[in-house]
Amino acid sequence: MRLENRFEVAAPIDQAWALLNDVPRVVPCMPGAELTETVDENTWKGVVHVRLGPVAFVFGTDVTRESRDDAARRVVLVTKARERRGRGSAQARIESSLAEGDGKTSVEILTDLSLQGAVAQYGRGLVPEIAGQMTKQFAANIASLLEREPEPAPAAVRPVGGIGVGIRALWARVVRLFRRG
C-alpha cells in the first residue's frame, strides 16, 4: 500500500534538513521507537513497541539509507521489520522530501508499505489513519527539537496504542528519511 503524509515545521530548511538526517536524535521523536544500534552512517537497527488493545507487538527493525540528495532535500530509506515472536513482518520504502516556504519547512513522506502475517491482519484498513496520527505526533516532537525545547526522553519507550502496522509503517518512513540524510 502507498501512504502519503505531510507536515510543516517553523524552521529554516537547512536546520530542518540537518535535524531530520540526525537519526539518533530523531528516532526518539517517533512514539514507541527506540534506536538500538548505529551500524554505520547509512545503517541502523531499532525496536518499535506497539500495543493493539490486549495484543502487543515488538518489532526488530533494520533501516538502510538507500539514497540522499542534499541539493533536492530528498532522502530514501528502506526498512525491514520482523515481529519478535514471529507474528508478522513489514517492509517499507520511505521517500522524504523537504520544501521551504514562508519561513517554514514542509516535509512530505511517501511510503510504499508491505505487511505480512498477523500484522497485516490487524492493520488492514487502519494503517493510513494511524500513520496520519503518528505523523502529527512526530511533527510536534520535531518542532519541539527545532525550537530548542527538551528532547523527548528515549528511555521512556512505551507501546503505542492503535494498530501496530500503522505505527511500524510511519516509523519505517521516518527511519528511512534519517538514514538517507
**Request:** Would you please name every residue forming a salt bridge (Lys or Arg N to Asp or Glu O under 4.0 Å) with Arg6, sequence neighbours left out?
**Result:**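 Checked Arg6 against salt bridge (Lys or Arg N to Asp or Glu O under 4.0 Å); matches are Glu108.
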By side chain to side chain contact (heavy atoms under 4.5 Å, CB included), which residues pair with [X], not counting sequence neighbours?
X: Ala72; result: Asp69, Arg74
X: Arg87; result: Val55, Phe57, Glu83, Arg85, Ala118
X: Ser114; result: Gln91, Gln116
X: Asp102; result: none

**Prompt:** Side chains of Asp40 and Thr43: is there a donor and an acceptor less than 3.5 Å apart?
**Reply:**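 Side chains of Asp40 and Thr43: pair found under 3.5 Å.
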Minimum-distance pair of heavy atoms, taken over all atoms of [X] and [Y]:
X: Leu98; Y: Ala16; result: CD2-CB, 3.9 Å
X: Cys29; Y: Asn141; result: O-ND2, 2.7 Å
X: Thr38; Y: Pro24; result: OG1-CG, 4.4 Å

Got a second to check how far [X]'s [atom1] is from [Y]'s [atom2], nearest 0.5 Å?
X: Ile142; Y: Leu19; atom1: CD1; atom2: CG; answer: 4.5 Å
X: Arg82; Y: Thr61; atom1: CZ; atom2: OG1; answer: 7.0 Å
X: Glu8; Y: Glu100; atom1: CD; atom2: CD; answer: 11.0 Å

**Request:** I would like to know whether Val58 and Val47 meet side-chain contact (heavy atoms from CB on, under 4.5 Å); could you show each step before the answer?
**Result:** CA-CA 7 Å; Val58 178; Val47 176; 3.5 Å; yes
**Item:** Any side-chain heavy-atom pair of Ile109 and Glu4 under 4.5 Å
**Value:**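 The answer is no, as the side chains (C-beta and beyond) never meet within the 4.5 Å cut-off.
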**Message:** Closer than 3.5 angstrom, by distance alone: can the side chain of Thr105 be matched with the main-chain N or O of Ala11 as a donor-acceptor pair?
**Reply:**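 Indeed, once roles are kept as given, a pair shorter than 3.5 Å links the two residues.
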**Message:** Between Arg2 and Leu110, is the side-chain contact (heavy atoms from CB on, under 4.5 Å) condition met? List the steps.
**Reply:** CA-CA 7 Å; Arg2 185 163 175 90; Leu110 303 174; 3.2 Å; yes
**Request:** In sequence, state the C-alpha distance, the side-chain angles, and the governing distance for Asp62 and Lys45, and then conclude on salt bridge (Lys or Arg N to Asp or Glu O under 4.0 Å).
**Result:** CA-CA 5 Å; Asp62 296 323; Lys45 292 182 181 286; 3.0 Å; yes
